[in-house]
**Student:** 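Before I ask anything, here is the structure I am working with.
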Amino acid sequence: MEKDIVKYIGEVLSDLYVVDPKNVAISLERTKPGIEGDYTIVVFPFVKYSKKSPMDTAKEIGVSLKARCEDIDSYNVIQGFLNISMTHEYWVNRLNSLAQAKKADDDSNKPLIMVEFSSPNTNKPLHLGHLRNNFLGDSVSRIVKAAGNRVMKVNLVNDRGIHICKSMIAWLKWGDGITPEKAGVKGDKLVGDFYVLFNNKYKEELEELKKSGLSDEEAEKKSPLMAETRSMLQKWEAGDKDVRKVWEMMNSWVYAGFDETYKKIGISFDRIYYESQTYLLGKSIVTKGLDRGVFVRDEDSSVWIDLTKEGLDRKILLRSDGTTVYMTQDIGTAAQRFAEYNPEKLIYVVGNEQDYHFAVLKKVVQKLGEDYHDRIFHLSYGMVELPEGKMKSREGTVVDADDLVADMIETARSISEENGKLGDIDEAEKNKIIEMIAVGALKYFILKVDPKKQMVFNPKESIDFNGNTGPFIQYTHARICSVLRNAKAQNISVSKRVSEDVRLLDKEISLIASVCSYGKIVDEAAKKLDPGQIANYVYNLCKEYNQFYHDHSILKETDANIIQLRLLLSQQVALTIKNCMNMLGIEVPEVM
RNA sequence: GGUCCAGUAGCUCAGCUGGAUAGAGCAACGGCCUUCUAAGCCGUAGGCCAUGGGUUCGAAUCCCGUCUGGAUCACCA
């Protein structure tokens, strides 16, 4: 293992230069392609201890290291780089131990990580931006789980507020009793349409009012539509039965629509919170904080926190009428979650326009003296933009999630039919594979990009199915499965232990080394909360495997030991691909 | 204006806890299917890593300035 090699290097340093290896950063990296060696040690940092040239330092470390570790076959020194080559037996053993590794599966003692994501607004059908949120949240949950944690995926639905009343008013006024069934439209789309309708009617009304000489502000105040909406919100808050009934009905339409989309893109939650149930939370916490002098009350009796000393601003926590704001609610839900589940980490997957909000939230919680303030993480991600800039509903450039998925499926279907490899599979299975490819292409496209960066999506050029894409990786998996099927058909079974006597090709060694670094990559991705790390890794693994596959035959090899080695290696690569794609929330087919 | 994030090939992105010749894919051009899946493989071409300085054996990577783009600074959520 790499760890053992690092340990040996430490011992060598300690012997040669009398330094405590704990104080020296030892970096062991894979040797760059084109240079002889498997691992590379950069010796520049050791020069100050050896008081010799980098070349001589590398050489003497090489001598001692080889003497100490029998797995090292040879070494060479180029400039300040010590490249070591491991023996073939070492690599065969690494492969064998991969095949025999068992999974530990007792979850109960693992730390709990809670991930909040998706958090849709019931007025707006899901679009491209939401997809990035959902894919990231889902993937990060899976990665964190793979890295050895328990995970709880939660969703906080924004189901109340003045904006929700707008679509209700529009439906009551102009809906004529229409339902998603009657309209033949998904529920979330129908409600979204009424929200748009309200805004259009409201705009018309304002224009009318302004014609009679009112200013913008006066018109807004006088608008009967808005007055009606405000009064509806009050009724809602008072629990008015009629209002609640409409609200519940329209929400149920939206949830049915959302569920359909979530199912299509393979997203699920362990618990769904609703703002209608959480928006009052936090008020008592703020009141108590006020008593303790953490917060201040203004003359108009609104409550604030002063964070100017922390480099932030003053932030309101309770309005002058005593009602809560967004921040108040988040203070409440955080307290509730830590009280109820006490997670090790609470990760919020929310766009970077909320960076400030979460900076404030953490500070407020800290000032309240809660020990969980440093367990709150904001996974902030960048906007998804179109080539011409931001998506604008006004200009009709919003890329709807359902439409996009449907388009992807159509493209996947036509490519698949062109290739004609799914010929003799039954229709249901075929559709399943096509959807797998379509959703896989979409998820991979979005997840391979560093979350914090804003990304560009071009709907016209669509998403590729060749190159660094989900389908490429799925294809590699299907290809390996095909080889394994052929082996089985020829009655060749895959042994879990390959003979140590086989001589390995460079490409085989490098593939084994790549598969071996899986665990390290998962830890890294979990630490950074970055699915892109996994995507990059699995892409490189596939590329490497395909090169190997192209240059060398597996089943036509004459040496039975080599067949065994290549089959086992192929099987392990396929397993690694499957695990990686699973962490991205992408399924892999056995045929495509 | 303050704060935060980003700027790498024509396009979309890796690489960023300093290390060898800055990598992929797409698009362009040229090869490879009677042989385990060609959604694949190989090759050609494409770069003042926004810019100016600094730190050092060494900078795309760290620090400072400048320019450009985005976000944010509500009794909205």
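Chain naming here is simple, since letters A, B, ... match the order of the sequence lines and numbering starts at 1 in each. Everything quoted here is computed from the prediction, not taken from an experiment.
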**Student:** Is A/Phe44 stacked on the base of B/G19 when the test is centres under 5.5 angstrom and planes under 30 degrees?
**Tutor:**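 Yes, the aromatic ring of A/Phe44 stacks with the base.
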
**Student:** Taking the side chain of A/His550 as heavy atoms from C-beta outward, which of B/G40, B/A39, B/U72 is closest to it?
**Tutor:**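 Ranking B/G40, B/A39, B/U72 by closest atom to the A/His550 side chain puts B/G40 first.
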
**Student:** Check every atom of B/A77, B/G70, B/U17 against the side chain of A/Val325 and return the nucleotide holding the closest atom.
**Tutor:**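 Closest nucleotide among those given: B/A77.
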
**Student:** Please confirm whether the ring centroid of A/Tyr274 lies under 6.0 Å from the ring centroid of A/Trp247.
**Tutor:**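 Centroid distance A/Tyr274-A/Trp247: not below 6.0 Å, so no.
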
**Student:** Taking only N/O atoms, report every protein-nucleotides 21-29 of chain B pair under 3.5 Å with atom names and distance.
**Tutor:**
| residue | atom | partner | partner atom | Å |
| --- | --- | --- | --- | --- |
| B/A24 | O2' | A/Tyr539 | OH | 2.7 |
| B/G25 | OP1 | A/Lys543 | NZ | 3.2 |
| B/G25 | O2' | A/Asn468 | N | 3.4 |

**Student:** Go ahead and write out RNA chain B as dot-bracket, 5' to 3': ( ) for pairs within the strand, [ ] for ones crossing earlier pairs, | when the partner sits on another strand, dots for unpaired; Watson-Crick or G-U wobble, both distances under 3.5 Å.
**Tutor:** (((((((..((((.....[...)))).(((((.......))))).....(((((..]....))))))))))))....

**Student:** Which way is the base of B/C33 turned, syn or anti, if we draw the line at 90° from 0?
**Tutor:**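 This nucleotide is in syn.
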
**Student:** Using the 3.5 Å cut-off, write out each protein N or O paired with an N or O of nucleotides 60-63 of chain B and the distance between them.
**Tutor:**
none

**Student:** Using the rule for Phe, Tyr, His and the six-membered ring of Trp, do A/Phe81 and B/A20 stack at under 5.5 Å and under 30°?
**Tutor:**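 Check passed, A/Phe81 stacks on base of B/A20.
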
**Student:** Check A/Thr31 against A/Glu36 and note the closest heavy-atom contact, atom names and distance.
**Tutor:**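 Of all heavy-atom pairs spanning A/Thr31 and A/Glu36, the closest is CG2-O, 4.1 Å.
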
**Student:** Has the side chain of A/Asp313 got a donor or acceptor that lies under 3.5 Å from a partner of the other kind on the base of B/A74?
**Tutor:**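 No, the side chain and the base share no sub-3.5 Å donor-acceptor pair.
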
**Student:** Using a strict threshold of under 4.0 Å (side-chain N to carboxylate O), is an ion pair present between A/Arg566 and A/Glu508?
**Tutor:**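 A salt bridge is present here (some side-chain N lies under 4.0 Å from a carboxylate O).
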
**Student:** What about A/Lys421, does its side chain sit under 3.5 Å from the base of B/U37 through a donor-acceptor pair?
**Tutor:**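 Present.
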
**Student:** If I pick the C1' atom on B/U21 and the same atom on B/A60, what distance separates them, to the nearest angstrom?
**Tutor:**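 B/A60 and B/U21 have their C1' atoms separated by 15 Å.
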
